[in-house]
Every structure is written in C-alpha cells, then in structure tokens.
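Just below is one structure, and these are the notes that go with it.
Numbering starts at 1 and runs along the sequence shown.
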Amino acid sequence: MKSGEFARLCRTTKETLRHYDRIGLLSPAIRGQNGYRFYTVAQFADFSLISALQSTGLSLSEIQEFMNQPGSDALYDVLRERIDALENQRRELHRKQQVLESALAQAERLRGWLDENAGAQTASGGYRWRIMHCDEEYFLETVTPYADGNEERFVGALLEHLDYCESHGWSATFQEAYRIDGACIASGRYAEGFCAEERIPTRIESERLRVKPAGTYLQWLNRIDLAPLLEGEEPADPGDFDSPDDNPMFAAYDAMLSFAAAQGWRLSGDLYDEVLSLYGGDFKDAVYTEASMLVDCGKDGA
C-alpha cells in the first residue's frame, strides 16, 4: 500500500514514516521509480512495536538498536523491563483511583448527613442520628489500643497498619476509620478496644480481614471542634466535657449509647467510627465522624 494508506492504518502521519525511513528504523518495502513508497501489511506489526517501545520511554536510537538485532537477549531484557514498569504504573494508577473513589464516597456521605432534607434527625447535644440498613462491608484491621501517655505506641501501630495495607496492594485512603471491640464498649473502656480499619471493596483471604456484618445500624454524626482543644479551652457542645482529659470521640459514644437506651433500643456488636471530613485545614472547621452500631429498635423502630 502507498505511504498515505499505511499512515492511516497506523494512525500516524506520512512525515513520521519519512522520518523513520531517513534514520533507517522503518523503511518502505518497495520504492517505485516514480518515488512512491510502498509498505506491506506485515510492517504494521513493526510500526506497532516501535510505537509501544517509544511510549514506554525508549528513544528511537535505542529502538533501532534492538530492531536491528530482533533475536538478541538485550531486546528480550528490555521488553521484560518495560512490562514490569507498565505493571508498576498500573498498580500506582489503581492506588490513585482507590484514593479518589474513597474521597468522593466520603464527601458524599458527609453531604448526605448535612442535607436537611436527607432524613437525619437531631438529638440533644447537637448530635445527628439516623437508622440505616447497611450491606456487609470489608476492612483490613490492625489492633491499635490507645492509652494516655503512650501515644507513641498508638502511632507506631498506625504506621504498621499503613505498611501492611500498602504491602498487600491496598493503599491508605483519605478515610480514617476505627473499630472498637464490643466488650470494651459494654464496659466503657473504649481506648482498650481500638483497631484501625482500611475499607476494601471485596472479601479477601487475609489474617486481618474484618467483616462488618449486614444489618440495621444506628448511625451517629459526631462534630468535633478541634480549635478549642488545641488552644486549651473548654470545648463547646456536643460534649460539655467535665475535664480536659475527656475525649470527644468517647463523649460521642456515651451520648449514642444513652440516646439508644432512652429510646428503648438495644445496641449490639462492635462500634465502627469513620472520619467523614476530607480536609482539616487550619482547624477553623469542625471534623465530622460517623459512629455506628447494630440496633434492635423493636416493633416501634424508625
């Protein structure tokens, strides 16, 4: 076929083909006496290989060297190397996609909470609540017990959690999440039952897999104003904490349990707490978290 037809087949230009011809990378199979250049269909594979190698970062001179010795070990090595590089790029793109999808879902959940027409109700102390049926969810989990005066151990456990997730192909997303063991909830020893959670889209084989069971959940929106805490002031509602040692997360759990008891509802299982705020900024805005526990509302449930 003529060079123009071949260029259209390869989705390139005649100028590119002429350049490849000048440097001896891909020459026409036949040159007519009238100056026309003719290519064969078989040369389409050669052009495709050149384009693929160039897209992975090889220069035309490097490609020419390998094309001149198509059976050389060097060509095999560079092909394997480029395949590995593309696989690494694919994994990195997948990681970035995970992060962005998590951020979008997180932002949409918070928007739903703050939408006055979305059905959430307000309890005393400024907390918002709703009853929701949730499907089964999956997390990678690391035990991260917290204790005042031993924050270094807590941070170390969180770092190990991040390393584990990333080493197994589940890079940390925007959404900070925790599970608090049900026995510790029942006894009020919340800090002892902390586990860091990383949401994953499907069940996998892992010793750290945690399945959040499907069921009806009481969901509880906690608004934490960090500015007073950072400045050493008494925090505003919700909470009205009795001492600076009180934790606003724990105060929210107390309020949720008390609210459920007042309604005659029975909470069971573990407590899950997920941060919904995407960006803390300079702490002028509040940080929102969503706590949830399985709930039995009885016949009069919402």
Side-chain angles (χ1 to χ4, degrees), residues 102-137 139 174-182 184-188 190 193-194 197 199 211-229 234-242 246-281 283-302:
S102 173
L104 178 60
Q106 192 172 336
E108 289 177 340
R109 284 174 65 183
L110 181 57
R111 177 181 290 180
W113 270 109
L114 301 179
D115 183 352
E116 296 295 337
N117 299 317
Q121 302 182 56
T122 302
S124 61
Y127 296 102
R128 307 200 77 190
W129 65 275
R130 63 190 179 190
I131 301 294
M132 297 286 290
H133 177 80
C134 301
D135 295 331
E136 191 173 80
E137 297 178 81
F139 298 87
F174 279 90
Q175 194 157 17
E176 186 179 356
Y178 298 96
R179 179 183 69 87
I180 298 87
D181 184 80
C184 295
I185 293 293
S187 64
Y190 305 135
F194 259 68
E197 307 288 319
R199 185 189 299 275
V211 179
K212 182 180 180 181
T216 301
Y217 282 82
L218 169 61
Q219 296 181 338
W220 193 255
L221 184 68
N222 180 25
R223 181 183 186 277
I224 303 174
D225 185 4
L226 293 181
L229 297 177
E234 286 296 325
D237 281 339
D240 281 337
F241 315 131
D242 295 328
D246 287 338
N247 187 308
M249 293 175 68
F250 300 165
Y253 305 159
D254 287 340
M256 182 174 70
L257 294 172
S258 297
F259 174 80
Q263 309 305 311
W265 300 341
R266 186 176 67 87
L267 300 181
S268 61
D270 302 327
L271 184 149
Y272 290 82
D273 197 358
E274 301 182 51
V275 175
L276 298 186
S277 300
L278 279 179
Y279 176 60
F283 303 114
K284 290 181 179 179
D285 296 326
V287 172
Y288 290 90
T289 78
E290 177 191 287
S292 62
M293 286 187 72
L294 284 168
V295 60
D296 181 2
C297 299
K299 295 181 180 180
D300 299 327

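Note that CG of Leu257 is 6.0 Å distant from CG of Leu267, once rounded to the nearest 0.5 Å. Rounded to the nearest 0.5 Å, atoms CG (Leu110) and CG (Asp115) are 11.0 Å apart. Considering CZ of Arg128 and CD of Gln121, their distance stands at 9.0 Å, rounded to 0.5 Å. Note that CD of Gln263 and CG of Leu218 are 9.0 Å apart. Values are rounded to the nearest 0.5 Å.
Contact detail for Trp265 and Val295: the closest heavy-atom pair is CB-CG2, 3.7 Å. Here the closest non-hydrogen pair linking Met249 and Asp273 is CE-OD2, 3.3 Å. For the pair Gly182 and Asp270, the tightest heavy-atom approach, listed with the atom from each and the gap, is N-OD1, 2.7 Å. Closest of all the heavy-atom pairs between Gln219 and Cys134 is NE2-SG, 3.6 Å. A pairwise comparison of heavy atoms in Ala291 and Leu271 identifies CB-CD2, 4.2 Å as the closest pair. Counting all heavy atoms, side chain and backbone alike, Ala118 lies closest to Gly112 at CB-O, 3.1 Å.
Counting heavy atoms from C-beta outward, Ile131 and Thr216 have side chains that approach closer than 4.5 Å. Contact check for Glu290 versus Tyr217: no side-chain heavy atoms found under the 4.5 Å cut-off. Side-chain contact between Asn222 and Met256 is absent, with no heavy atoms from C-beta onward closer than 4.5 Å. Looking at Lys212 and Ser292, their side chains come closer than 4.5 Å, going by heavy atoms from C-beta outward. Two residues are said to be in side-chain contact when any heavy atoms from C-beta on lie closer than 4.5 Å; Thr122 and Tyr127 fail this criterion. The side-chain heavy atoms of Tyr288 and Leu114, taken from C-beta on, include a pair separated by under 4.5 Å.
Between Tyr253 and Tyr190, the ring-plane angle classifies as perpendicular under the 30° and 60° cut-offs.
Aromatic ring centroids of Trp129 and Phe259 lie under 6.0 Å apart.
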Practice problem: Apply the test side chain to side chain contact (heavy atoms under 4.5 Å, CB included) to residues Phe139 and Glu274: give CA-CA distance (whole Å), side-chain angles for both, the deciding distance (0.1 Å), then the verdict. | Solution: CA-CA 12 Å; Phe139 298 87; Glu274 301 182 51; 4.1 Å; yes
Practice problem: For side chain to side chain contact (heavy atoms under 4.5 Å, CB included), just list the numbers for Met293 and Trp220, CA-CA rounded to whole Å, side-chain angles, deciding distance to a tenth of an Å, and then say yes or no. | Solution: CA-CA 9 Å; Met293 286 187 72; Trp220 193 255; over 6 Å; no
